[in-house]
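The block underneath contains the structure these notes are about, expressed in structure tokens.
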Amino acid sequence: MDVRVRYAPSPTGLQHIGGVRTALFNYFFARSMGGKFILRVEDTDRERFSEESLKDLYDTLEWLGIDWDEGPVKGGAYGPYIQSERTELYTKYANQLVEDGKAYHCYCSSERLDKVREVQKKEKKNYGYDRHCRDLSIEERDKNEKDGLKSVIRLKIPLEGKTSFDDLLLGTVTRKNKDISPDPVLLKSDGFPTYHLANVVDDHLMEITHILRAQEWIPSGAMHILLYKAFGWEPPLYCHLPMVMGKDGQKLSKRHGSTSVVDFRKRGYLPEAIINYVTMVGWAYDDSREFFTKEELEKLFSLEKISKSPGVFDYKKLEWFNGQYIRKKSEADLIEEVIPYLKKDGIISEPITEKEMLIIKNMMSLMTERLHFISDISELSRFLFKDIGNYTLTDIIPKKMDFKGTIIALEGARELVEGFESRTDEENEELFRKKAEEVKVKLGSMLMPLRVAISGSKVSPPIFGSLRLLGVDKALERIDHVIGLLKEAVKNENDKEVESGQ
RNA sequence: GUCUCCUUCGUCUAGUGGUUAGGACACCGGGUUUUCAUCCCGGCAACAGGGGUUCGACUCCCCUAGGAGAUGCCA
């Protein structure tokens, strides 16, 4: 059998982790089986539909490198692939079911429906439509039509018996027909189909062979089978994927943090990391391997290794994956990644100057292992491009040292910074050690004020490398500035002592 | 309320009747180091509970509990 699977999102919001996971599993399954991966846009909810979401869908899939064999933009033999362009089809099939006595028009207002539900809830009865219009007489029906009442088309769920489907992962799932949502709406009063109708009709017409979708659809499974039966169609194979949860065990949503892929993208996550990690939630290859490229997954993915139970999305582990992938990148590739962030944050100019490019090229080896996200680059490298705004005096003074001692240490360091560039790092280190001994401080206590002076922070890339990148002139300027600040502070302190008569 | 699905370290998972229950993240400790980070080493930590079946159950069956999802003219 030629495998045909689809990802069928609804463009009512940004693409999120859960959706992308479903897309990935479908995509990898299709590729591993040598089948086709189809993209279908289920834009039947006209109230929540947004153009922005649709664009985000395309952008996200492109960014991740998930390309579809058939679908919007690309086309294919089963199009159109946008459901709002297929409405006549759904109307036709819905009417056919009505004619066959498998479905019926319902004229109930949403107010009545709300009331019914409210009462059911209060009386703790089973929720659901009370099938008010299921057995309307022809006269009643005609009257409603003549009165111009709007109607929906509902599927007649059998009152007796049971329905089951085989799930590739879960086995046979059976439901009593009386437990299935009573007579779900197929065609809405605005003429658009509901998910249930559109989905079944399209999956059949597009000859979809496997449905890989989230487990939240299990309860609808039996109903979909009934729909296939009503049409006299053979249902596809099902595989319900475990859901992705937040830390509290609830379905992953915004309140758990960022869930939209575009957020991760902006933050400086790499698509490789997202693809790899997201696939590992609910799927494992074996007991030791967890790094996979997209190309590898296209070969190795298999349904049997999907787990049944829901998985909690671990932001920390994604972060770790991201760091790993950053460190795997070549320096040239990383430079490409980093430049847009530096521009966005105003660290470098647009267009980039030759001098800036040179610094970037030289600095990358010091930055790579300090990056968790690509976006970290701006804070990390700002001091190489921009002047340092405010120094925090307390940052400059090492532990167990005072202003005067710090000035001595810094002046000692200053001497060595002159002529620094003509010596190797080893030679410099040797000299700094000797100097530290000379002024009776620990090497670290001499280097920390120097670090803060040139980088503006107690945390920075290695000091010798930073000095070379910054250049001796600039470095001396900053050191002198800081020494000036320290001397001023000492003077102020002395003045105070004088004032208080000590 | 009802129905369905799920249940191995805090988290993701390996495991398919006989294992000191393995790995990864996180966390803790140590090492390398001029800070941070990286890297290396070590540690902590799990079969939800109860019944069976069996010479032997994390693995098979049943029950209980817990969790989740669904119950929309949203998907």
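A quick note: this is a predicted structure, and the numbers were derived from the prediction, not measured. First the proteins, then the strands, lettered A, B, ... as listed; each starts at 1.
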Could you give the distance separating [M] and [N] at their [atom1] atoms, to the nearest angstrom?
N      : M      : atom1 : result
B/rU53 : B/rC62 : P     : 15 Å
B/rU71 : B/rA57 : C1'   : 38 Å
B/rU59 : B/rG42 : C1'   : 31 Å
B/rG22 : B/rC9  : C1'   : 12 Å
B/rG49 : B/rU54 : P     : 23 Å
B/rG15 : B/rA46 : C1'   : 13 Å
B/rC58 : B/rG1  : P     : 34 Å
B/rC55 : B/rA68 : P     : 41 Å

The test is side chain to side chain donor-acceptor pair (under 3.5 Å); show your working for A/His256 and A/Asp248 and say whether it passes.
CA-CA 8 Å; A/His256 296 109; A/Asp248 57 358; 2.7 Å; yes
Please find the pair of heavy atoms, one from A/Ala453 and one from A/Ile388, that lie closest to each other, and give the distance.
O-CD1, 3.8 Å
Shortest non-hydrogen contact between A/Ser151 and A/His105, atoms and distance
OG-ND1, 3.0 Å
Taking atom types as modelled, is there a side-chain donor on [X] or [Y] under 3.5 Å from an acceptor on the other?
X        : Y        : value
A/Tyr107 : A/Asp147 : no
A/Asn322 : A/Tyr277 : no
A/Tyr90  : A/Asp202 : yes

Nearest to side-chain heavy atoms of [X], which nucleotide of [options]:
X        : options                : value
A/Thr44  : B/rA75, B/rC12, B/rU2  : B/rA75
A/Asn126 : B/rU2, B/rU34, B/rU4   : B/rU2
A/Arg370 : B/rA68, B/rU35, B/rC74 : B/rU35
A/Pro310 : B/rA70, B/rC73, B/rC6  : B/rC6
A/Pro219 : B/rU7, B/rA70, B/rA75  : B/rA70
A/Glu369 : B/rA37, B/rA26, B/rU34 : B/rA37
A/Pro462 : B/rU4, B/rU34, B/rC12  : B/rU34

Is a side-chain donor or acceptor of A/Arg255 paired with a backbone partner of A/Leu252 at a separation under 3.5 angstrom?
no
Any side-chain N or O of [X] under 4.0 Å from OP1/OP2 of [N]?
X        : N      : result
A/Gln215 : B/rC6  : no
A/Arg433 : B/rU34 : yes
A/Lys458 : B/rU35 : no
A/Lys188 : B/rC74 : yes
A/Ser181 : B/rG72 : no
A/Arg327 : B/rC39 : yes

Using whole Å, what does the distance between atom [atom2] of nucleotide [N] and atom [atom1] of [X] come to?
X        : N      : atom1 : atom2 : result
A/Lys124 : B/rU2  : NZ    : C1'   : 12 Å
A/Trp217 : B/rU71 : CH2   : C1'   : 13 Å
A/Gln83  : B/rC74 : CD    : C1'   : 13 Å
A/Phe313 : B/rU13 : CZ    : P     : 12 Å
A/Asn276 : B/rA24 : CG    : C1'   : 12 Å
A/Asn322 : B/rA37 : CG    : C1'   : 15 Å

Classify [X] by what it touches in the nucleic acid, base, sugar-phosphate, or nothing, heavy-atom distance under 4.0 Å.
X        : value
A/Gly282 : sugar-phosphate
A/Val185 : sugar-phosphate
A/Asp179 : sugar-phosphate
A/Glu429 : sugar-phosphate

Just to verify, what does A/Glu369 make a side chain to side chain donor-acceptor pair (under 3.5 Å) with, not counting sequence neighbours?
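If we apply the side chain to side chain donor-acceptor pair (under 3.5 Å) test to A/Glu369, skipping adjacent residues, there are no hits.
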Could you please name the partner base of B/rU19, counting Watson-Crick and G-U wobble pairs only when both distances are under 3.5 Å?
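Pairing partner: none.
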Partner lookup for B/rA70, please. Criteria are Watson-Crick or G-U wobble with both distances under 3.5 angstrom; report none if nothing qualifies.
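Paired with B/rA70, as far as the under-3.5 Å criterion goes, is B/rU2.
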Using the ring centroid of each side chain, check whether A/Phe165 and A/His240 are separated by less than 6.0 Å.
yes
Residue met sooner reading RNA chain B from 5', once A/Gly311 and A/Asp45 are mapped to nucleotides:
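Nearest-nucleotide comparison on RNA chain B picks A/Gly311.
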Assuming nearest nucleotide by heavy-atom distance, tell me which of A/Arg154 and A/Glu216 is located more 5' along RNA chain B.
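That would be A/Glu216.
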State whether the distance check finds a donor on one side and an acceptor on the other, under 3.5 Å, for side chain [X] versus base [N].
X        : N      : result
A/Ser460 : B/rC36 : no
A/Arg451 : B/rU34 : yes
A/Lys251 : B/rA68 : no

When you compare the protein's N or O atoms with those of nucleotides 27-32 of chain B, which come within less than 3.5 Å of each other, and at what distance?
none

Can the positive tip of A/Lys435 be found less than 6.0 Å from the middle of the six-membered ring of A/Phe432, inside 45° of the ring normal?
no
Cation-pi check for A/Phe464 against A/Arg468: NZ or CZ below 6.0 Å from the six-membered ring centre and within 45 degrees of the axis, yes or no?
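So A/Arg468 doesn't make the cation-pi contact.
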